[in-house]
Amino acid sequence: MNAPSTHMAVCPHDCPDTCSLQVTVEKGRAVRLGGNPQHPFTRGFLCHKVSRYLERVYHPERLQYPLRRIGPKGAGQFTRITWDDALAGIVARFRSIAQSAEGPQAILPYSYCGTMGKIQSQSLDRRFFHRLGASKLDRTICATAGGVGYRYTIGSRTGMAPEGFAESRLIINWGSNTAVTNSHLWVLMHQARRAGAQIITIDPYRSRTAERSDWHIAPRVGTDAALALGMMHVIFRDQLEDHDYLERYAVGTAPLKTRVLQEYSPNRVSEITGLAAADIERLAKLYATTRPAAIRLNYGVQRHAGGGMAVRTIACLPALVGAWRDYGGGVLLSTSGMFPLDHQRLERPDLSPPGTRTINMSQLAEALAGELSGPPVRALYVYNSNPAVVAPDQAKVLHGLLRDDLFTVVHEQFLTDTCDYADLVLPATTQLEHFDLHTTYGHHWIQVNQPCLAPLAEAQSNTWVFRQLAARLGFEADIFQVSDEQLAREALWEGQANVPAPLQGITLARLQQTGPARLNIPDRYQPFAAGHFGTASGKCELYSERMAADGFDPLPVYSPPAESPDQAPELAARFPLQLLSPPSPHFLNSTFVNIDSLRTAAKYPELEIHPDDAEPRGLQPGQLVEVQNDRGRFRAVAVIAESVRPGVVVAPGIWWNKLSGDGANANATTSSRLADMGGGATFFDCLVEVTAVDEEPGGTAPSETLKTRKVQL
Ligand SMILES: Nc1nc2c(c(=O)[nH]1)N[C@H]1C(S)=C(S)[C@@H](COP(=O)(O)OP(=O)(O)OC[C@H]3O[C@@H](n4cnc5c(=O)[nH]c(N)nc54)[C@H](O)[C@@H]3O)O[C@H]1N2
Ligand SMILES: Nc1nc2c(c(=O)[nH]1)N[C@H]1C(S)=C(S)[C@@H](COP(=O)(O)OP(=O)(O)OC[C@H]3O[C@@H](n4cnc5c(=O)[nH]c(N)nc54)[C@H](O)[C@@H]3O)O[C@H]1N2
Ligand SMILES: [Mo]
């Protein structure tokens with residue numbers, strides 16, 4: 001019993017890599033955690049965050065007991081209570097709201113991907129809120145704009161095989177910080193580079209990926225569609241297109257050709273993007289004449305008012321040059337659409353009463369302010385998310401969370417900023433303490449996570465809580481008193497006759513016995529080498545009837561950002577800088593900010609600014625600055641560098657408010673405006689001004705306070 005044992009687990013975090021983990025447990029305690037060398041894609045190495053996962057599991061500030069608020073909202077003052085009291089309190093409040101005139105839709109679940117595991121993020125929780133009749137949550141904060149845009153062109157959420165990148169000769173990271181956010185794919189890109197491939201990165205910011213690429217192209221923020229259309233112009237003008245591929249497998253070539261030849265000359269695109277016309281020419285020619293040519297298309301492109309259209313447009317490029325014909329060619333946005341789990345059975349959307357409203361999670365600010373249609377939100381149940389920190393228009397979100405007539409429950413591993421506003425805080429298990437089933441959005445493997453530790457103190461898993469609440473509300477035992485393992489079997493279609501082909505033969509028992517399993521797809525997976533797109537026409541839709549029916553331009557077009565000097569000159573006169581706030585390499589969204597070793601590595605909230613913008617503002621390196629617009633303000637330490645285009649500033653995140661200067665992070669300035677498609681968030685479409693903060697004479701300089709700020713919980 002006391003001999004060390006080794007267990008297989010899965011990294012739960014929101015990242016395309018979904019690494020396979022190996023954990024050594026000795027006397028009930030995890031003593032080592034590393035990558036599983038047997039996993040063919042994640043191959044035994046971990047990022048520097050997750051290799052410190054045990055610092056999270058055994059952190060002295062892990063939540064251990066349910067807590068009830070005793071101070072004002074936002075103050076984070078709590079007293080310990082029992083689970084019985086906590087559950088009874090939730091049930092009483094949910095019941096009284098459901099029975100009131102406002103009804104159960106006044107209850108709003110709020111969750112995202114604190115864990116990506118299907119069971120702890122997307123199973124009994126969904127059943128519970130559906131059965132309760134609560135408002136539904138549209139989970140738009142990350143990927144929906146691009147998801148919808150991509151589907152218009154391609155017809156599914158499928159793309160080239162990630163392994164194929166090792167054989168590419170030209171690789172474009174388009175709005176993708178691959179070296180940081182998808183490190184196992186980056187390794188394959190380097191394998192290709194050693195074999196002679198060129199790596200290009202398109203990003204207004206010299207990210208770590210851009211720094212390590214052969215060519216960094218830095219367009220103006222939110223102008224990617226124009227760049228892609230300029231490439232198409234050159235390709236058609238110089239007859240570099242793949243006629244045969246287009247003829248067989250695409251629709252709309254002729255109108256697209258006419259549009260790009262007439263409207264998107266390199267000179268016009270140069271004006272929009274700020275790139276030299278010669279660079280646009282060179283990029284187009286390289287892309288059209290190098291095979292295989294791969295595009296890693298990621299989130300940087302999507303988080304703008306025109307983000308959906310940008311993704312839809314870039315996704316047309318491989319068809320133009322026939323890149324899909326090659327293994328190692330095409331575009332990869334996400335592999336998430338390749339795992340056909342039985343979501344209907346798992347989530348039971350049929351339990352939700354017809355006509356139940358849906359609230360867009362990117363508009364939490366509006367929802368809490370009572371600005372959306374339907375009853376006001378009276379109760380908020382947060383799990384797997386930290387909205388006080390990650391949601392846009394933060395001041396308004398926090399204002400809503402302060403409402404005394406709002407009943408807020410937060411299920412968490414740590415006392416996050418969101419917890420500070422809760423009426424009840426519930427302690428959550430970590431990945432080593434609960435069961436889960438994992439698909440992924442970055443490769444083709446499915447895995448099971450077996451718990452190897454007993455839950456810490458009174459921590460409980462998400463599904464445990466929903467089972468308890470369901471029982472107390474008298475919900476059907478056959479739907480709710482179901483084990484995590486049984487839920488996994490249901491997700492895998494076990495016992496059903498019509499198992500989708502990619503999942504045939506993949507059972508929970510097999511995953512438990514033999515570890516990660518690859519979907520049943522060909523070894524050298526090439527989805528569109530010979531057409532077979534998922535669109536209505538079965539072809540790559542350069543022209544899309546569906547888009548026309550949905551009120552969009554049916555052809556690719558440049559759809560500008562909402563907040564840019566070109567688009568909003570009056571706003572830009574007051575707030576002339578475009579703010580990007582992508583994740584810091586040391587954090588995973590807001591997860592890990594409270595891990596001392598990682599926060600020390602990230603130092604303090606920084607703002608990278610170009611010397612041409614720093615100089616007229618009188619900024620010195622290392623100086624404390626305030627970043628602001630009409631929505632709010634936050635503080636950071638200035639880093640003056642040519643790592644950003646003039647006119648662009650970058651604040652890596654996502655810092656906890658209470659571990660930042662003045663208690664706010666970059667989301668104090670971001671807007672809850674939605675993208676053109678999928679109701680997506682527009683974090684990177686944000687104009688701000690930056691000013692120096694005077695250091696206090698005599699006292700500790702504010703920048704020093706910010707730099708030395710420690711966890712104060
Ligand atoms: N280490 C780490 N890894 C992560 C995460 C993390 O927090 N930390 N988060 C995970 C999650 S949830 C996600 S969604 C993914 C995100 O993965 P990525 O999309 O790779 O990450 P981002 O850093 O959000 O955006 C990528 C780049 O887009 C750039 N960008 C911003 N605006 C534009 C634009 O208009 N055009 C172009 N071309 N580029 C632009 C940004 O400067 C940034 O460098 O990463 C996942 N992996
Ligand atoms: N300014 C700006 N804002 C952004 C972004 C950006 O790039 N810039 N990125 C956006 C993107 S892409 C995303 S995906 C979102 C991410 O937003 P979130 O999904 O909210 O991600 P995290 O900040 O990592 O918070 C997840 C929380 O879940 C908790 N958790 C982990 N496991 C469990 C569990 O098993 N049970 C429970 N109950 N809790 C658990 C963690 O402790 C953590 O506090 O942020 C968005 N916000
Ligand atoms: Mo995300």
Side-chain angles (χ1 to χ4, degrees), residues 12-17 47-49 56 63 110-115 117 120-121 139 141-143 173-183 201-210 217-224 227 296-304 306-307 310 361-362 382-387 389-392 394 410-414 416-419 426-431 433-434 436 441-442 459-462 465 561 578-594 644 648 650-654 656 665-667 669-670 681 683-686:
H13 291 297
D14 188 351
C15 167
D17 296 38
C47 68
H48 85 131
K49 305 175 297 299
R56 199 172 164 80
L63 287 168
Y110 196 94
S111 74
Y112 202 61
C113 293
T115 169
Q120 301 302 337
S121 77
R139 291 172 171 82
I141 206 157
C142 177
N173 291 289
W174 204 320
S176 181
N177 189 6
T178 314
V180 166
T181 60
N182 193 182
S183 54
T201 294
I202 303 176
D203 194 321
Y205 172 49
R206 201 197 302 140
S207 65
R208 289 197 179 180
T209 306
I217 300 175
R220 289 202 181 106
V221 171
T223 63
D224 301 275
L227 176 56
R296 170 57 168 153
L297 179 53
N298 225 349
Y299 299 90
V301 171
Q302 317 187 11
R303 307 206 192 294
H304 303 278
M361 74 183 299
S362 303
V382 181
Y383 58 107
N384 293 344
S385 187
N386 189 8
V389 161
V390 306
Q394 182 172 97
V410 182
H411 190 190
E412 250 300 346
Q413 295 165 343
F414 292 97
T416 58
D417 288 285
T418 308
C419 290
L426 311 175
T429 41
T430 63
Q431 184 77 342
E433 299 152 58
H434 60 228
D436 225 320
Y441 59 101
Q460 294 289 0
S461 69
N462 296 348
V465 180
Q578 288 178 284
L579 171 71
L580 303 178
S581 52
S584 154
H586 305 291
F587 306 143
L588 195 294
N589 300 321
S590 79
T591 301
F592 293 110
V593 178
N594 62 327
V644 284
V648 178
V650 173
I654 307 175
W656 285 22
N665 70 11
N667 281 323
T669 57
T670 58
F683 292 105
F684 300 165
D685 195 336
C686 177

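Residue numbers start at 1 and run along the sequence shown. All values derive from a computational prediction rather than experimental measurement. Counting starts at 1 for both ligands and their atoms, following the listed order.
Counting the atoms of ligand 2 from 1 in the order shown, those under 4.0 Å from a heavy atom of Ile654 are 3 (N), 4 (C), 5 (C), 9 (N), 45 (O), 47 (N). Within ligand 1, counting atoms from 1 as listed, the ones closer than 4.0 Å to a heavy atom of Phe684 are 24 (O), 31 (C), 32 (N). Each of the atoms 34 (C), 35 (O) of ligand 1 lies under 4.0 Å from some heavy atom of Gly222. Taking every heavy atom of Leu588 and a limit of under 4.0 angstrom, the matching atoms of ligand 1 come to 2 (C), 3 (N), 4 (C), 5 (C), 6 (C), 7 (O), 8 (N). Residue Cys142 has at least one heavy-atom neighbour below 4.0 Å for each of these atoms of ligand 1: 14 (S). For ligand 1 and His304, the ligand atoms under 4.0 Å from any heavy atom of the residue are 32 (N), 33 (C), 34 (C), 35 (O). Applying the 4.0 Å criterion to heavy atoms of Arg303 picks out, from ligand 1, the atoms 14 (S). Within the listing of ligand 1, atoms 19 (O), 25 (O), 26 (C), 27 (C), 28 (O), 37 (C), 38 (N), 39 (N) sit less than 4.0 angstrom from a heavy atom of Gly175. Near Val180, meaning under 4.0 Å from any of its heavy atoms, are these atoms of ligand 1: 1 (N), 2 (C), 3 (N).
No N or O atom of Gln120 sits closer than 3.5 Å to an N or O atom of ligand 2. Here's the thing with Arg220: none of its N/O atoms is less than 3.5 angstrom from an N/O atom of ligand 1. Residue-to-ligand polar distances keep Leu580 apart from ligand 1: every N/O pair is separated by 3.5 Å or more. Some N or O of Thr591 is nearer than 3.5 Å to an N or O of ligand 2, by distance alone. Residue-to-ligand polar distances keep Thr670 apart from ligand 2: every N/O pair is separated by 3.5 Å or more. No N or O atom of Ser207 sits closer than 3.5 Å to an N or O atom of ligand 1. Every N/O-N/O distance between Tyr383 and ligand 2 stays at or above 3.5 Å. Close N/O approach between Gln413 and ligand 2 is found [any backbone or side-chain N/O within under 3.5 Å]. Where the criterion is an N or O separation shorter than 3.5 Å, residue side chain and backbone included, Val390 meets it with respect to ligand 2. Between Pro583 and ligand 1, a contact under 3.5 Å exists for no N or O pair. Of the N or O atoms in Tyr299, one or more lie within a sub-3.5 Å distance of an N or O in ligand 1. In terms of N/O distances under 3.5 Å, ligand 1 is approached by Asn298. Where the criterion is an N or O separation shorter than 3.5 Å, residue side chain and backbone included, Phe587 meets it with respect to ligand 1.
Among protein heavy atoms, the minimum distance from atom 1 (N) of ligand 1 is reached at Lys49 NZ, 3.0 Å. Remark: minimum distance from atom 28 (O) of ligand 1 to any protein heavy atom is reached at Gly300 CA, 3.1 Å. Closest to atom 44 (O) of ligand 2, if we only count protein heavy atoms, is Glu412 OE2, 2.4 Å. Looking from atom 36 (N) of ligand 2 to the surrounding protein, the closest heavy atom is Asn462 OD1, 2.9 Å. The shortest contact between atom 35 (O) of ligand 2 and any protein heavy atom is with His434 CE1, 3.4 Å. Ranking protein heavy atoms by distance to atom 7 (O) of ligand 1, first place goes to Asn589 N, 2.7 Å. Looking only at protein heavy atoms, the nearest one to atom 26 (C) of ligand 2 is Gly114 CA, 3.5 Å. Regarding atom 23 (O) of ligand 1, its nearest protein heavy-atom neighbour is Pro582 CB, 3.2 Å. Ranking protein heavy atoms by distance to atom 40 (C) of ligand 1, first place goes to Pro204 CD, 3.4 Å. Nearest to atom 6 (C) of ligand 2 among the protein's heavy atoms is Ser581 O, 3.4 Å. Annotation: atom 27 (C) of ligand 1 to nearest protein heavy atom, Asp203 OD2, 3.2 Å. Atom 34 (C) of ligand 2 has its closest protein heavy atom at Asn384 OD1, 3.2 Å.
Taking each of Asp14, Ile141, Thr201 in turn, the one with a heavy atom nearest to atom 46 (C) of ligand 1 proves to be Asp14.
Between the side chain of Asn298 and the backbone N or O of Gly300, no donor-acceptor pair lies under 3.5 Å.
Under 4.0 Å from ligand 1, heavy atoms of Thr181 appear from its side chain as well as its backbone. When heavy-atom distances to ligand 1 are checked against a 4.0 Å cut-off, Tyr441 comes that close only through its side chain, counted from C-beta outward. With a 4.0 Å cut-off on non-hydrogen atoms, Asp224 touches ligand 1 through its side chain and not its backbone.
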Derivation and outcome, side-chain contact (heavy atoms from CB on, under 4.5 Å), residues Leu227 and Trp174: CA-CA 11 Å; Leu227 176 56; Trp174 204 320; 3.9 Å; yes
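A donor and an acceptor atom, one from each side chain of Asn386 and Ser590, are located under 3.5 Å apart. Remark: the Asp14 side chain and the Tyr441 side chain contain an N/O donor-acceptor pair separated by less than 3.5 Å.
Residues meeting the ring pair (Phe, Tyr, Trp, His ring centres under 6.0 Å) test with His586, sequence neighbours left out: His48.
No heavy atom of Gly653 sits closer than 4.0 Å to any atom of ligand 2.
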